[in-house]
Amino acid sequence: MSGLQFGWIVPAVGPPESNFVPLVIYQQEQILPVVTKHFDSLWVCDHFYGFTRRSDPFVEGWTALTWLAAKYPNVQVAHHVLGLGYRNPALTGKMAATLQTMSNGRFILGIGAGWREEEYLAYGYDFPRPAVRIAQLEEAVQLMRLMWTEETPTFKGKYFQIAAAYAPPHPVPVPPILIGGSGEQLMLPLVGRQADMWNTSTGRGLETFRHKRDIIHRSAEAVGRDPAKITLTVTREAPLPTTSDESAAWVSELQQWADAGVQYFILDFGHVTAPELVERFAEEVLAPLR
């Protein structure tokens, strides 16, 4: 992957300020047509209800992302990120292969071990301890890659099994797998062993990022992988800049992350109502960084 890339998080929730219209719907009319001229990808989260107010409208992530993939054919699409436990991994693999095929190779499979226990339990899913969820995630990644590449994929793990799970058509190319997480004992070594891309938040700061990046690199080297082939991504949550000075501050901050190895920025601007601010960001932030 050459050069910096930028993703736009399309919020799934409908807060009061949007008249309770989920922002993934609200933004389609005026915002996303501008976004998709300048950004490389659209991202949707994988939750079932809101955080501030659980009664706010909240669209389901796979359905919403499939809609966006069809509506905006010039950008990549991805989840930020799928909760492993919400779907059987063989089904997830089949769904991913289908979306990758129908989008002409524009899908990134973003996935994690899951974390929102109350949501799991509310919807009737098991929520095992972290070590189990991370072990399940590693099995799921291995299982899905077999489904995408082998004619009669069979996998027998501790947690998941498939037997001659035919899954044509195979996706071309195989979707890159982005793993989101930051745990140093189990998750980051898993990223080093298995992931094509890694995502974390900028909230913990550059020093922490570098420390965790190095754990991933060492873990990759330990299994004979080239660490440079793991694309480093970070998520930043902040409003769009409204002045040139604010844009300059964005450029300065993101450049520091790029200098630390970040290649893909996934940005959450919340409730955006003015396409002019998107254009400003493209001209004053994206263009200089690129």
Does Glu139 use its side chain to pair, donor to acceptor, with the backbone of Ala135 at less than 3.5 Å?
-> no
Polar side-chain atom of Asp226 near backbone of Ala228 as donor-acceptor pair, under 3.5 Å | yes
Give a yes or no on whether a salt bridge exists between Arg145 and Glu150, defined as a side-chain N under 4.0 angstrom from a carboxylate O.
-> no
Is the backbone N or O of Ile177 less than 3.5 Å from a side-chain atom of Asp196, with the two atoms forming a donor-acceptor pair by type?
-> yes
For the side chain of Ser247 and the backbone of Thr243, is there at least one donor-acceptor N/O pair under 3.5 Å apart?
-> yes
Over 12 non-hydrogen atoms of neighbours within 6.0 angstrom of CE in Met102 = no
Arg133 side chain to Gly114 main-chain N or O, any donor-acceptor pair under 3.5 Å?
-> yes
Looking at Asp46 and Arg116, does any basic side-chain N land under 4.0 Å from a carboxylate oxygen?
-> no
Identified ring-ring contact (aromatic ring centres under 6.0 Å, His included) partner of Phe265 from the options Trp257, Trp250, Phe281, Phe6 | Phe6
Side chain Arg87, main chain Gly93, donor-acceptor under 3.5 Å | no
Of Thr235, Asp268, Thr233, which meets side chain to side chain donor-acceptor pair (under 3.5 Å) against His80?
-> Thr235
Side chain to side chain, Ser201 and Glu237, heavy atoms closer than 4.5 Å = no
Inspect the contact between Arg106 and Asp40 and indicate whether a charged nitrogen and a carboxylate oxygen are less than 4.0 angstrom apart.
-> no
Stepwise ring pair (Phe, Tyr, Trp, His ring centres under 6.0 Å) check, Trp115 with His47 | CA-CA 11 Å; Trp115 62 272; His47 290 289; 5.6 Å; yes
Below 4.5 Å, heavy atoms only, C-beta onward: do Pro15 and Phe20 meet side chain to side chain?
-> no
Would you confirm whether the ring centroid of Phe269 sits within less than 6.0 angstrom of the ring centroid of Trp43?
-> no
Any side-chain heavy-atom pair from Gln5 and Phe39 closer than 4.5 angstrom?
-> no
Applying the ring-ring contact (aromatic ring centres under 6.0 Å, His included) test to Phe48, which of Tyr86, Phe58, Trp62 qualifies?
-> Tyr86
Using atom types as modelled and distance alone, determine if a side-chain donor or acceptor of Tyr264 lies under 3.5 Å from a backbone N or O of Gly7.
-> no
Could you check if a side-chain atom of Met197 sits within less than 4.5 angstrom of a side-chain atom of Ile108, using non-hydrogen atoms only?
-> yes
Salt bridge flag under 4.0 Å for residues Glu138 and Arg193 | yes
